[in-house]
Amino acid sequence: MTDMNQNIQPTDARDVIQRLTQAFGKLPQVLGGSRAAATSDVASDYDLYVYTVWEVPVDFRRTLLGESAEIDNRFWEPGDEWSNPSTGTHIDIMYRSPEWIEGQMERILSRHEASLGYTTCFWYNMVHSEALLDPRGWYQGLQNRGRVAYPEGLRRAVLRKNWPMLRRNHSSLDRRHR
């Protein structure tokens with residue numbers, strides 16, 4: 001595998017993302033890949049999501065991104081962060097299992113389970129991301145499944161779960177505007 005950071009000199013962010021997508025697409029365990037919706041500004045990074053049935057080896061990722069990359073950060077979810085010196089592009093790559101995101105969709109859209117904050121962020125992210133790699137049509141199917149009206153049961157569950165915490169919180173909008 002070529003070290004993108006040292007041997008490939010991409011001309012812009014699209015080229016960097018295309019080269020990363022091609023490299024991940026050669027791995028048999030990668031089921032799909034996407035990029036966050038284009039709602040960014042000049043200071044934004046690029047968020048890439050790699051859906052994989054088993055982990056992408058750290059050695060592959062280090063070779064792909066170079067020694068200057070932060071590899072295997074697990075603060076939020078498994079991921080790598082890298083800045084391309086030739087373009088100034090910052091890329092955040094998250095590795096997710098298909099079972100995990102499918103479980104998130106089931107939890108939100110079928111069972112209407114809320115959490116404190118962030119209830120719908122993965123649903124929104126999945127539906128609005130641009131598919132970059134989808135050789136089996138899995139990601140498109142997941143996006144189609146997620147393109148539904150906001151479920152009334154979920155709305156009620158979000159209010160039930162979050163309202164008590166917001167009412168007790170001194171910084172909540174409810175208390176500041178009384």
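Since the structure is predicted, the reported quantities are computational estimates derived from the model, not experimental observations. Side-chain atoms are counted along with the backbone in the values below, which use heavy atoms only and exclude waters and symmetry mates.
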- request: State, yes or no, whether a side-chain contact exists between L20 and L65 at a heavy-atom distance under 4.5 Å.
  value: yes
message: Tell me whether the count of non-hydrogen atoms from other residues, nucleotides or ligands lying under 6.0 Å of CZ in R111 goes above 12.
response: yes
- request: Taking the six-membered ring for Trp and the single ring otherwise, decide whether the centroids of Y150 and W123 are under 6.0 Å apart.
  value: yes
- prompt: Shared ILVMFWY cluster between L166 and L116, side chains joined below 4.5 angstrom?
  reply: yes
message: Ring centroids only, cut at 6.0 angstrom: are F122 and W100 within range, meaning strictly under it?
response: yes
task: Please tell me if the side chains of R145 and S110 come closer than 4.5 Å, counting only heavy atoms from C-beta onward.
output: yes
field: Chi angles and distances behind the side-chain contact (heavy atoms from CB on, under 4.5 Å) call for F24, L64
entry: CA-CA 9 Å; F24 284 118; L64 180 65; 3.8 Å; yes
- line: The reported gap from CG in L133 to CG in L48 (rounded to nearest 0.5 angstrom) is 11.0 Å
message: Test of understanding: clusters of I, L, V, M, F, W, Y form through side-chain heavy atoms closer than 4.5 Å, transitively. Do M94 and M105 belong to the same one?
response: yes
- prompt: Under the 3.5 angstrom rule, does the side chain of N125 hit a backbone N or O of C121 as a donor-acceptor pair?
  reply: no
task: Among T21, V50, V53, find the residue that satisfies the side-chain contact (heavy atoms from CB on, under 4.5 Å) test when tested with V30.
output: V50
- request: May I ask whether L27 and W54 are part of the same hydrophobic cluster, defined by side-chain heavy atoms of I, L, V, M, F, W, Y residues being less than 4.5 angstrom apart, directly or through others?
  value: no
task: Mind listing the closest non-hydrogen atom pair of P98 and T52 along with its distance?
output: CD-O, 3.3 Å
- prompt: Under a 4.0 Å N-O cut-off, is there an ion pair linking E67 with R61?
  reply: no
- request: Using a 4.5 Å cut-off on heavy atoms from C-beta on, say whether the side chain of L132 contacts that of E130.
  value: yes
- request: Could you tell me whether R96 and E102 make a salt bridge, using a distance below 4.0 angstrom between a side-chain N and a carboxylate O?
  value: no
field: D72 backbone acceptor or donor facing D80 side chain under 3.5 Å
entry: yes
statement: For R136 and L31, the nearest pair of non-hydrogen atoms, with its separation, is NH1-CD1, 2.7 Å
task: Any chance you could measure I108, atom CD1, to M126, atom CE, to the nearest 0.5 Å?
output: 8.5 Å
query: Taking atom types as modelled and ignoring hydrogens, do the side chains of W138 and Q143 form a donor-acceptor contact shorter than 3.5 angstrom?
result: no
field: Pair R19-Q22, side-chain donor/acceptor within less than 3.5 Å
entry: no
field: Closest non-hydrogen atom pair between A114 and R107, with its separation
entry: C-NH1, 4.3 Å
- prompt: Between Y139 and Y51, how do the two ring planes meet: parallel, tilted or perpendicular, split at 30° and 60°?
  reply: tilted
- request: Please name the pair of heavy atoms, one in S83 and one in H90, separated by the smallest distance, quoted to 0.1 Å.
  value: OG-ND1, 2.9 Å
message: Give me the atom names and distance for the closest heavy-atom approach of E113 to T119.
response: O-CG2, 3.9 Å
field: Minimum heavy-atom distance L109-P151, with the two atoms named
entry: CD2-CG, 4.1 Å
V58 reachable from V56 in the ILVMFWY side-chain graph, under 4.5 Å edges: yes
field: Heavy-atom side-chain proximity of Y46 to D92 below 4.5 angstrom
entry: no
message: A side-chain contact here means heavy atoms from C-beta on lying under 4.5 Å apart; do Q29 and P57 qualify?
response: yes
message: Treating W82 as the side-chain partner and I91 as the backbone partner, does any N or O pair qualify as donor plus acceptor under 3.5 Å?
response: no
field: Side chains of I93 and D47 in contact at under 4.5 Å (non-hydrogen atoms)
entry: no
